[in-house]
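Values below: all heavy atoms of this structure, side chains included; hydrogens, waters and symmetry mates excluded. Convention: sequence-line order gives letters A, B, ...; per-chain numbering from 1.
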There are 2 protein chains.
Amino acid sequence: MFDNFINYLQSKITVTDEEIEMVKAVCRLKKLRRKQYLLQEGDVWRYNAFVSKGLVRTYRVDDKGQEHIFQFSPEDWWAGDRYSYLNDTPAQFNIEALEDSEIVLIAKGDYENLLEAIPAYNTFVRMLLERSFVRLQNRVYMGNSYTAEEKYNDFIKAYPDIPSRVPQHMIASYLGVSPETLSRVRNHSVKK
Amino acid sequence: MFDNFINYLQSKITVTDEEIEMVKAVCRLKKLRRKQYLLQEGDVWRYNAFVSKGLVRTYRVDDKGQEHIFQFSPEDWWAGDRYSYLNDTPAQFNIEALEDSEIVLIAKGDYENLLEAIPAYNTFVRMLLERSFVRLQNRVYMGNSYTAEEKYNDFIKAYPDIPSRVPQHMIASYLGVSPETLSRVRNHSVKK
DNA sequence: AAAAACTATTGATGTACATCAACGGTTTTG
DNA sequence: CAAAACCGTTGATGTACATCAATAGTTTTT
């Protein structure tokens with residue numbers, strides 16, 4: 001039932017069988033059909049969510065009603081609204097399934113207990129965060145110094161499997177570029 | 001000698017006197033004069049650096065020779081090149097003192113030992129990272145959806161003490177806006 | 001104390017990209 | 001299976017901002 005998640009864990013850290021059981025004991029599986037929501041803006045996010053199957057998008061809507069996709073989370077990725085989680089505050093993000101998906105949920109309190117009980121897991125999470133930090137940092141940099149074309153090229157290089165699974169205008173949204181511009185960028189650079 | 005840093009630590013987590021001694025034992029103080037560098041692009045970054053006095057900027061230079069400031073670190077902030085640190089890779093960032101500064105350095109290996117020996121510290125660092133993540137996430141969002149003026153207003157609200165300590169064109173660089181545009185934004189919105 | 005370097009401002013001009021609109025093709029839905 | 005929704009493309013137009021250039025005030029350097 002939680003096989004994908006357990007495999008993931010075991011591939012990242014060394015855990016005893018007991019620890020595995022501790023983890024399993026607090027996991028809950030949530031199935032989502034395409035277009036269903038894992039989180040809606042305004043609700044408080046109280047979980048850690050591991051995508052064991054499918055694909056979800058995390059996005060935010062600005063004052064003018066424009067959607068801005070922050071992240072695609074395919075299998076073996078995490079999703080959530082960290083700000084809402086940390087501050088027990090209404091979420092500003094929405095999380096929507098783009099494919100039928102299965103999500104492993106661990107409630108906040110349980111999660112914190114796990115981190116305390118399994119030091120290797122704590123350290124692993126810290127490393128995950130460090131890598132996320134570097135990725136985000138790079139994204140800020142690219143946002144300020146790359147052209148639309150460079151952003152797109154970087155994206156397909158970093159996430160080669162995503163383009164075939166999500167509509168193009170969502171990639172545009174992720175990149176902070178209009179769908180029309182992305183279309184033009186693609187068609188002009190292909191002209192080999 | 002490391003008073004500022006120790007005070008900082010004690011204000012964040014509960015530590016025993018022994019633990020304080022452990023920390024002190026691996027700290028090194030580095031003094032920088034204005035315009036001196038803590039890190040130069042190309043060198044490998046092997047420390048955790050706490051700014052106990054002064055102010056440093058972390059920036060990156062793009063292909064066209066343009067500087068992009070990633071962060072200002074005044075007293076009680078950290079600075080470094082996390083990617084270089086994690087991967088033992090030549091740094092892409094430069095860190096320069098904008099004022100005469102004092103930096104507390106902890107070498108990578110020592111730092112990791114500390115985290116392992118002091119669980120509360122480990123958890124605290126994880127929380128720091130989580131907050132940094134949220135900040136960066138928000139910066140990506142603002143980069144894609146805010147006007148130059150909104151970016152500036154957000155900046156002075158988030159970091160009200162910085163503008164009086166750094167030249168305006170550096171704030172422009174941080175915001176990903178040209179110095180001319182920032183100047184215009186400021187002068188037009190002030191016309192109350 | 002003079003020279004050199006740095007800084008903010010303002011005007012003129014250029015440009016990457018957004019926006020608006022129309023279209024045909026495809027997928028989803030009732 | 002027809003209607004509706006969604007999707008990518010293309011053209012015309014608009015605009016926020018960058019770039020270039022000149023100037024004057026300030027700070028730093030020697």
Measure from NZ or CZ of R139(A) to the centre of the six-membered ring of Y174(A), then state whether that distance is under 6.0 Å and the direction lies within 45° of the axis.
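Satisfied, under 6.0 Å and within 45°.
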Between R165(B) and E75(B), is the closest basic N to carboxylate O distance under 4.0 Å?
yes
Using 4.0 Å as the upper bound for N to carboxylate O, is an ion pair formed by D100(A) and R34(A)?
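Salt bridge between R34(A) and D100(A), a charged N being under 4.0 Å from a carboxylate O: no.
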Just do the side chain to side chain contact (heavy atoms under 4.5 Å, CB included) check on D110(B) and R28(B) with the steps written out, would you?
CA-CA 11 Å; D110(B) 292 330; R28(B) 204 185 104 209; over 6 Å; no
Report the distance from atom CD of Q66(A) to atom C1' of dC20(C), rounded to the nearest whole Å.
13 Å
How close or far is atom C1' of dA18(C) from atom CG of N144(B), stated in whole angstroms?
13 Å
Identify each atom pair where a protein N or O and an N or O of nucleotides 27-30 of chain D are less than 3.5 Å apart, giving names and distance.
none

In terms of hydrophobic clustering (I, L, V, M, F, W, Y; side-chain heavy atoms under 4.5 Å; direct or indirect links), are I6(B) and W77(B) co-clustered?
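No, no single cluster joins them.
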What is the minimum heavy-atom distance between P119(B) and A117(B), and which atoms define it?
CD-O, 3.3 Å
Minimum side-chain heavy-atom gap R131(A)-V134(A) below 4.5 Å
no
Any non-hydrogen side-chain atom of L39(A) less than 4.5 Å from a side-chain atom of Y47(A)?
no
Could you walk me through whether Y141(B) and H68(A) pass the side chain to side chain contact (heavy atoms under 4.5 Å, CB included) check?
CA-CA 7 Å; Y141(B) 172 73; H68(A) 299 267; 3.9 Å; yes
Enumerate the protein-to-nucleotides 8-11 of chain C contacts in which both atoms are nitrogen or oxygen and the separation is below 3.5 Å.
| unit_1 | atom_1 | unit_2 | atom_2 | d |
| --- | --- | --- | --- | --- |
| dA8(C) | OP1 | Q168(B) | N | 2.6 |
| dA8(C) | OP2 | H169(B) | N | 3.3 |
| dA8(C) | OP2 | H169(B) | ND1 | 3.2 |
| dT9(C) | OP2 | Q168(B) | OE1 | 3.4 |
| dT9(C) | OP2 | Q168(B) | NE2 | 2.7 |
| dT9(C) | OP2 | S183(B) | OG | 3.0 |
| dT9(C) | O5' | S183(B) | OG | 3.2 |
| dT10(C) | OP2 | N187(B) | ND2 | 2.9 |
| dG11(C) | N7 | R184(B) | NH1 | 2.9 |
| dG11(C) | O6 | R184(B) | NH2 | 3.4 |

Would you list the protein and nucleotides 13-16 of chain C atom pairs, both N or O, that sit under 3.5 Å from each other?
none

Between S84(B) and V44(B), is there a donor-acceptor pair closer than 3.5 Å when you use the side chain of the first and the backbone of the second?
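Such a contact is absent between S84(B) side chain and V44(B) backbone.
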